[in-house]
Each structure stands twice: as C-alpha cells, then as structure tokens.
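The block underneath contains the structure these notes are about, expressed in structure tokens.
Every value quoted in this text rests on a predicted model; they were computed, and no experiment measured them. Hydrogens, waters and symmetry mates play no part in the numbers below; they use all other heavy atoms, side chains included.
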Amino acid sequence: LLDKNWTLKKRLTDKISNSRLDEMHHLAMESGASGAKICGAGGGGFLMACCTPSNRQLVMQGMSQYRWMPTEIVPDGSKVIFNYRRPSWK
C-alpha cells in the first residue's frame, strides 16, 4: 500500500518528485524494500522505506549512501521526535 500510494501521488503532478528522488525510490525497491515513498515537505522531507526483517540489512546496505533514522510502529499513533543534535542522526 505504501508503494501504491506513492505511485498514485506522483500522478497528481510532475512536481511531486524529481530524478534524484525517483532514483532513491528505485534503489530502495531494488535493495529489497516492499514499499517506499517520499514524506515531508519542502527541503526537510525523507524517504520512508518498509521491508521485511529478513531484508533489512540488504536495504540498509543498498541505501548506505543515505542517512538512516530508526523508527518503530507503536499502537497509539504517530509521533515525531527529532533532535538534530543527536550524533546518530548526522
């Protein structure tokens, strides 16, 4: 569903994505992600990629030129807690 959403969103306008973002998406999918889409707005967005636990290392290796930010699924809804000073996020 994540990838389907991205495909449909890109059909809205040619300003949704660009060649760099398309290449990131392609790289994630080729590395073993089951879905990926660009999230966020302006210059502060990110690529969210989902994969099975067995493909995690493959996706991380394939996307190693980009910064990885750990996430988790929680039962009480989404929360974004970002600290730009945290060393692991630089």
Once side-chain contact (heavy atoms from CB on, under 4.5 Å) is applied, do any residues pair with Ser54, and if so which ones, sequence neighbours excluded?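 Once residues adjacent in sequence are excluded, the partners of Ser54 under the side-chain contact (heavy atoms from CB on, under 4.5 Å) criterion are Thr52.
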
Say whether [X] and [Y] are linked into one hydrophobic cluster, either directly or through other cluster members, by side-chain heavy-atom distances under 4.5 angstrom.
| X | Y | result |
| --- | --- | --- |
| Val59 | Met69 | no |
| Leu2 | Leu47 | no |
| Phe46 | Ile38 | no |

Just to verify, what does Thr7 make a side-chain hydrogen bond (donor to acceptor under 3.5 Å, both in side chains) with, not counting sequence neighbours?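 Thr7: no side-chain hydrogen bond (donor to acceptor under 3.5 Å, both in side chains) contacts found.
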
Working to the nearest 0.5 angstrom, can you tell me the gap between Met60 CE and Tyr66 OH?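 Met60 CE to Tyr66 OH: 15.5 Å, rounded to 0.5 Å.
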
Check: residues 21-36 side-chain donor-acceptor pairs under 3.5 Å, at least two apart:
residue	atom	partner	partner atom	Å
Asp22	OD1	Lys10	NZ	2.9
Asp22	OD1	Ser17	OG	2.6
His25	NE2	Asp3	OD1	2.6
His25	NE2	Ala36	O	3.2
Ser31	OG	Leu27	O	2.7
Ser34	OG	Cys50	O	3.2

Is the number of heavy atoms from other residues, nucleotides or ligands within 6.0 Å of CG (Leu12) greater than 12?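 Counting neighbours around CG of Leu12, more than 12 heavy atoms of other residues, nucleotides or ligands fall under 6.0 Å, so yes.
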
